[in-house]
Amino acid sequence: QAQLVESGGGLVQPGGSLRLSCAASGFAFDYFAIGWFRQAPGKEREGVLCISANGDSRYFQDSVTGRFTISRDSAENTVYLQMNSLKPEDTGVYYCAASGWCGLGTGMYDWWGQGTQVTVSS
C-alpha cells in the first residue's frame with residue numbers, strides 16, 4: 001500500500017528555517033515525481049515545489065524561489081523541502097504527494113500524505 005508521511009513541521013520565527021521530510025513507501029519511489037503543496041486556513045491547497053523522478057526541480061510559487069529548495073534521497077525513499085527565510089505567509093499545512101510528473105493540478109497526484117503544520121510567527 002502506497003504511503004507518504006510528512007514530518008518536520010513546527011513553529012518558527014520569521015526569518016527562520018525548517019526542513020520538511022516526506023518518507024515514501026509501498027510504490028516505486030524512483031519513478032515518481034514528488035510535489036509539495038500547502039494549504040493556509042480558509043484558502044485552497046496550492047502547489048509549492050516539485051522534484052521529478054530524475055531530480056529536476058519545478059517551482060509552482062514565485063514567492064518561494066530563492067528561499068525553498070527540494071531534494072530527494074533514493075536510498076532513504078525520502079524527499080526533503082528546505083525552507084529558509086520563512087515568512088508569516090508561508091504558514092499552512094504542508095502536504096507531499098506522488099505523481100508520474102510534476103504538474104500543478106492536485107488531481108494529477110496519486111497519493112498524498114497527511115500533512116504537517118508549519119507556523120511562522122513571532
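- Remark: Glu89 CD is packed, more than 12 non-hydrogen atoms of other residues, nucleotides or ligands lying under 6.0 Å away.
- Tracing side-chain contacts under 4.5 Å through hydrophobic residues (I, L, V, M, F, W, Y), one never reaches Val93 starting from Leu20; they form parts of separate clusters.
- Atom CE of residue Met83 and atom CG of residue Leu18 lie 4.5 Å apart, to the nearest 0.5 angstrom.
- Residues Val79 and Ile70 are in side-chain contact: their nearest non-hydrogen atoms beyond the backbone lie under 4.5 Å apart.
- The side-chain hydrogen bond (donor to acceptor under 3.5 Å, both in side chains) analysis of residues 101-112, with sequence neighbours excluded, yields no pairs.
- Looking at residues two or more places apart in sequence or on another chain, you find a side chain to side chain contact (heavy atoms under 4.5 Å, CB included) between Ser121 and Leu11, Thr119.
- Atom SG of Cys50 is separated from atom CZ of Phe37 by 7.0 Å, given to the nearest 0.5 angstrom.
- In this structure, Asp73 CG and Phe29 CZ are separated by 7.5 Å, a value rounded to the nearest 0.5 Å.
- Rounding to the nearest 0.5 angstrom, the gap separating the SG atom in Cys22 from the CD1 atom in Ile51 is 11.5 Å.
- The shortest non-hydrogen separation linking Lys43 to Gln39 is O-NE2, 3.1 Å.
- Summarising the geometry of Val5 relative to Gln114, their closest heavy-atom pair is CA-OE1, 3.8 Å, with the distance given to 0.1 Å.
- With Tyr95 as the aromatic partner, Arg45 meets the cation-pi criteria of under 6.0 angstrom to the ring centre and within 45 degrees of the ring axis.
- Listed by chain and number, the residues in a side chain to side chain contact (heavy atoms under 4.5 Å, CB included) with Ala53 amount to none (sequence neighbours excluded).
- Judged by distance alone, with hydrogens and angles left aside, the side-chain atoms of Arg67 form a donor-acceptor pair with the main-chain N or O of Ser85 at under 3.5 Å.
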Practice task
Begin from the C-alpha positions of Thr91 and Gln117 and carry the test side chain to side chain contact (heavy atoms under 4.5 Å, CB included) through to its verdict.
Solution key: CA-CA 8 Å; Thr91 294; Gln117 175 71 45; 4.1 Å; yes

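- Closest approach of Phe27 and Ala2 over heavy atoms only: CD2-CB, 3.7 Å.
- Residue Leu49 holds its CG atom at 5.0 Å from OH of Tyr59, rounded to the nearest 0.5 Å.
- A continuous path of hydrophobic side-chain contacts links Val12 to Leu81 [ILVMFWY only; heavy atoms under 4.5 Å].
- To the nearest 0.5 Å, the span separating OG on Ser57 from CZ on Phe68 amounts to 13.5 Å.
- Contact record, Ile34 with Arg72: N-NH1, 4.4 Å, taken as the closest heavy-atom pair.
- In this structure, Gln82 contributes its side chain and Thr69 its backbone to no donor-acceptor pair below 3.5 Å.
- Partners of Leu104 by side chain to side chain contact (heavy atoms under 4.5 Å, CB included), not counting sequence neighbours, listed by chain and number: Phe60.
- Screening residues 17-38 for side-chain hydrogen bond (donor to acceptor under 3.5 Å, both in side chains) gives Ser17-Asn84, Asp30-Ser74, Arg38-Glu46, Arg38-Asp90, Arg38-Tyr94 as the qualifying pairs, with residues at least two apart or on separate chains.
- The shortest heavy-atom contact between Ala23 and Thr78 is CA-OG1, 4.0 Å.
- Under the side chain to side chain contact (heavy atoms under 4.5 Å, CB included) criterion, Asn54 pairs with Ser52, Asp56, not counting sequence neighbours.
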